[in-house]
Amino acid sequence: MSKYPFSEIEPKWQKYWEEHKTFHTEEDPSIPKDKRRYVLDMFPYPSGAGLHVGHPEGYTATDIYSRYLRMRGYNVLHPMGFDSFGLPAENYAIKTGTHPWETTEKNIRNFRRQIKSLGFSYDWDREVSTCDPDYFHWTQWIFEKLYEKGLAYEAVTPINWCPSCKTGLANEEVKEGHCERCGEKVEKKNIRQWMLRITAYADKLLEGLDTLDWPESVKAMQRNWIGRSEGAAVFFQIDGMDEKLEVYTTRCDTLFGATYMVVAPEHPLVPALTTPEQKADVERYLEETKHKSDLERTDLAKDKTGVFSGSYAINPVNGKRIPIWIADYVLISYGTGAIMAVPAHDTRDWEFAKKFSLPIIEVLKGKVDVQQEAWTEDGEHVNSEWLDGLNKEDAIKKMLEFLEKNGYGHKAVNYKLRDWVFSRQRYWGEPIPLIHCPHCGTVLVPEEELPLRLPTVDKYEPSGTGESPLVNVPEWVNCKCPKCGGEAKRETNTMPQWAGSCWYYLRYIDPKNEKVFVDPEKEKYWMPVDLYVGGAEHAVLHLLYARFWHKVLYDLGLVSTPEPFQRLVNQGMITSFAYQKANKSLVPVDLVEEKDGKYIDKETGEELQQVIAKMSKSLKNVINPDDFIRNYGADSVRMYEMFMGPLRESKPWATNGFIGVYRFLDRIWRIATEKKVEETEMEASIDKLMHKTIKKVTEDTESLSFNTAISQMMVFVNELNKLEVIPKKALETLSLLLSPYTPHLAEELWEMLGHQPSIALEDWPGYDEAKTVDDTVEIVVQVNGKLRARLQMPQGAEKEEMLREAKADSKIQGWIEGKTIVKEIVVPNKLVNIVVK
RNA sequence: GCCCAGGUGGUGAAAUCGGUAGACACAAAGGACUUAAAAUCCUUUGGCCUUUGGCCGUACGGGUUCAAGUCCCGUCCUGGGCACCA
């Protein structure tokens, strides 16, 4: 069926670009700052499975945009690399004994081949790979800066432990109590960890969001994750003890309604609070909660449990004695690990109070009986002495004044954000460049000894005791202390995968520099990233960590911008069709057949419903672009992925739509090769359409609305196809407009039209605004808002004339005859609406 | 439960400073060309009716307006994120 020889054209031009270094980028100082753009893709983890169709979506979008900007005279930095440390290569090594380096190299070669086969205009001289010692040299160096600044610290804390991956996880890597990577239930485990003090940057990370051109949803997610809340710290005197219990509350105005207190089971005051009579009960409860997994503790049922400590606290506002309970619905990790409970106005406290028959006192006038359910909305204060009658806002203000004046408390801010657990007990990651010396304590590996490389090991198996496989390599672990020269041991933890991706965008700027991580002049030349495109799955993890590192580098004067990524666009996920039984279970795609537009389960004959689902191995609906590139060409793949729908929205991969863009490209090929192409005067209508097309494609490319730009090009091509003789100018313009989208075809056409390559270096075509408007326009005539007639009128006709013609129309007369005209609305060049009674 | 997106033909989707709903494409049906097929080209294609015309139609129910897919209020559904955060 094929006439369009993509399999010859595409390798030809890919070779040309590579040999001529068409997309090599230099820091040309003569190009002003506002004519430079940094267009970045989220670099891939080179998995063994290779590229899937989601990758080229974002990569094509940035490639079109980069090629467009170059044609508009911008100097564009558009690099690609590989995020190559990570667990899959290590797990494969455990299974097969193959060194992760080998697996990773092989996968990178495959990824590079696949990416190149799509004809992207990357400057390959700038490729980086995070597992390359020349790269992680500087990852380690940045870690040392963080350490020197006091932002890295060691702690033995309960961390999220994945028993399957045998490593600690950051909070961000735990999803619903399960390991994000393997799905195993996450346990709590106390081990020695390196932590990064990201909490010190909570406010800066929050405030910076306001300056960014990012999707609101991603900003909202980061705000949620940081979780800043303003409230008060309140001190409760413990009855009969010289101790105070500090709580955090956002609603200090409800203090008169506090009828009991709760501390987390891990709270340090628990032993002191426990009275002899309660000791047995408390110990039993502590034992119980210790064995609950995180998931069980936060499980759906959320049945409240707890035990009375035996002690009482004094409510500072009224001197009442209130009991102190121990319960695991209070988390040690948030606030002070202790709360004042106001059961009338908090659902959780209410449930607990009901279960243990604690008093419920209403302090906000609500619409419900607080003995029956909690009232959690605002209301007038009652039973609150000097707060009675006030609303929430005023009452909080007044209470804060009272607390501060009497030393009972003060304003306080809390965050949900936790410090970042930065160490992993694994082999395939950047070694943390620290040495433990019995005399000098923790000492940094001297800068001149970086990069600190990974030793060769025989077994990649983690020890499972919370230590990395590196502990089994004594010749690597044992070393001399750089300070005192005595016997010392290396840190055996490695960095998490996120480390390398925290700063890779800076290394692209100066990838081969052996002296510094990035030359400051070059950094100033390109930063910040003008457009960053990638999946929404990195909304908190990568994008928060990278911002954190960048802000630290900024504070150290090492980078020139407070934020790394000025504009972020999330490409929508490419989903796939899946087939659902009546009981909602999904059937793998290879067990489904299509019959007369219906989908039938091959095994049972049951009729199935077509639904949209994430691509997954188990449903066998993962799509690899290689087959499509082979069968239809890279240009078709690029164009199809852009034509499917808006870049930002998720959309299903429906292969039957693919043929449409292929036909489109084939049609262009036939126009160029089978029709006469001559330097003729263009017919006015074609000329107008050409100018309209240039305008639409320009605007839509600029705004990343590639799907509508493509449909406009289709309209233009359909019109050209009707002509016997093709004006050369029209075909040249089409080639230029196509060139960011289907660069191989465009280069070939450009050459056929007698031009020197490369079309990528040509100027983007301009348009004449006057030619983008039609001489006559269709005017819609409505009567009472309903469409009744259409008129052809000259562009820019006067309102009076439009109205006169509308009323003169025979159809309209039928509608307005014998009625009173109440109102007449005229929108120039658009419509007339006559309102009658 | 909370926070963010989104709901338009058989399908992917266009159209949002409120102004012709369904551009472009797929699929389907019919036709031309052909010994035949593929490819290509042309026509039709939201639903209904009494079909040179009319009525209905953008998840559902209200509202604002001369005019609502678009704005406002409420409801339902789908996707994503967070989740005992005091």
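Protein chains get the first letters and strands the later ones, always in sequence-line order, with residue 1 at the start of each. Please read these numbers as outputs of a predicted model, since none were measured by experiment.
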Using whole Å, report how far [atom1] of [X] lies from [atom2] of [N].
X	N	atom1	atom2	value
I825(A)	rG18(B)	CD1	C1'	13 Å
L831(A)	rA21(B)	CG	P	10 Å
L541(A)	rC82(B)	CG	C1'	13 Å
L647(A)	rA13(B)	CG	P	13 Å
E649(A)	rA15(B)	CD	C1'	14 Å

Check your understanding: Donor-acceptor pair, Y285(A) side chain versus D328(A) backbone, under 3.5 Å?
Key ->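 Confirmed, Y285(A) side chain pairs with D328(A) backbone.
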**Study point:** Presence of donor-acceptor pair under 3.5 Å, side chain of K304(A) and base of rC84(B)
**Key:**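 Flag set: donor-acceptor pair detected.
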Review point. For rC41(B), does either OP1 or OP2 sit under 4.0 Å from a side-chain N or O belonging to N721(A)?
Key: yes
Practice item. Please work out the stems of RNA chain B from pairs that are Watson-Crick or G-U wobble with both distances under 3.5 Å, keeping only runs of three or more consecutive pairs. Key: B:1-7 with B:76-82, B:10-12 with B:24-26, B:28-32 with B:40-44, B:46-49 with B:53-56, B:59-63 with B:71-75
Review point. Touch check for K219(A), heavy atoms < 4.0 angstrom, all strands: base, sugar-phosphate only, or nothing?
Key: nothing
Check your understanding: Would the number of heavy atoms belonging to other residues, nucleotides or ligands and lying under 6.0 Å from NZ of K244(A) be above 12?
Key -> no
Review point. Between rG54(B), rA25(B), rA83(B), which one does the side chain of F643(A) approach most closely?
Key: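 So the side chain of F643(A) is nearest to rA25(B).
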Point to revise | rC60(B) and rG54(B), which share atom name C1', separated by this distance in whole Å | key: 27 Å
